[in-house]
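Beneath this line is the structure, given in structure tokens, with notes to follow.
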Protein chains: 2
Amino acid sequence: MQSGTKVSLFLSPQLPLKLFSLYFCEEGQLLLIKPLIIMKKYPLPYYAVIFTSIRTEGDNGYADVSRQMMDLARQQEGFLGVESARQELGITVSYWASLEAIEAWKNNNMHQIARQKGREIWYRSFRVRIAKVEREYGFREDLL
Amino acid sequence: MQSGTKVSLFLSPQLPLKLFSLYFCEEGQLLLIKPLIIMKKYPLPYYAVIFTSIRTEGDNGYADVSRQMMDLARQQEGFLGVESARQELGITVSYWASLEAIEAWKNNNMHQIARQKGREIWYRSFRVRIAKVEREYGFREDLL
């Protein structure tokens, strides 16, 4: 497997995250599992946390902690899934079953440490919006 | 000004879109104004349309129509702003004053034609979520 190779992995329908990009380092070891999209429908209403950010220059340990936080978020009760993209602007939308689940994740000790580093080091600016998803529809989701 | 040069433009605080990327073609003419982020706070609650998509291969006229739709959206009553990023996955979040404003934009004739082409040509898959923004907070927005 070449460095930077991307493959799609289809997981159990019980898992909220269905489509991933896998990145392998030169020795063929798995380097990063990056969630692409959540395709599962959740019962309405549920909640979206829209996190919009502009990064500072350089990685400064961001990629490692970001992956750790993604792994940790998946273990939280009420976590449904996450979608993320970055160009100049980064947008990460995470989905949760309830406001209580969002609050518990916000107060998670490891997450609080990461959030503090975000303000000190990684982000030039960000905004967080908490929104109740009331309607949704899709197109050709079965093809993914 | 070189082709592909990006500069930041600070506009009047009355405008909902504050930070842009400007793209110039070789003759120095403005090619594209791409909104980076909306930094203005709107009275709560307002609405977010979270559009998550995976594109088909090739441009096929997408960039032109996408720009036209962005310009047209800005003219709609109740349009507040838009944020967008794409890697493998594209996320565009547009913000609206009311559900009625979202519905009117969905039914706009030009937008309906573009949406049809989206299903036929540009998107392999997408999902649209309509969510009521109930809470928000930010960090260092004054620096942008």
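Residue numbers begin at 1 in each chain, while the letters A, B, ... track the order of the sequences. When reading the values below, keep in mind they use all heavy atoms of this one structure, side chains included, and skip hydrogens, waters and symmetry mates.
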Practice item. Heavy-atom pairs under 4.5 Å with chain A are the metric here; pick the option from P45(B), G118(B), A48(B), A131(B) that has the most. Key: A131(B)
Check your understanding: Do you know which of L44(A), V128(A), V133(A) has the most heavy-atom pairs with chain B at a distance under 4.5 angstrom?
Key -> V128(A)
Review point. Between R115(B) and F139(A), is NZ or CZ placed under 6.0 angstrom from the six-membered ring centre and within 45° of the ring axis?
Key: no
Point to revise | Residue pair Y42(A) / W96(A), side-chain heavy-atom distance below 4.5 Å | key: no
Exercise for review: May I ask you to test the R127(A)-S53(A) pair for a side-chain heavy-atom distance under 4.5 Å?
Suggested key: no
Revision key, fill the gap. Turns out that what part of Y47(A) lies under 4.5 Å from chain B's heavy atoms comes down to side chain
Review point. Would you say T52(B) and R129(B) make side-chain contact, with heavy atoms under 4.5 Å?
Key: yes
Revision key, fill the gap. Ranked by heavy-atom pairs below 4.5 Å to chain A, first place among T92(B), I50(B), V49(B) goes to I50(B)
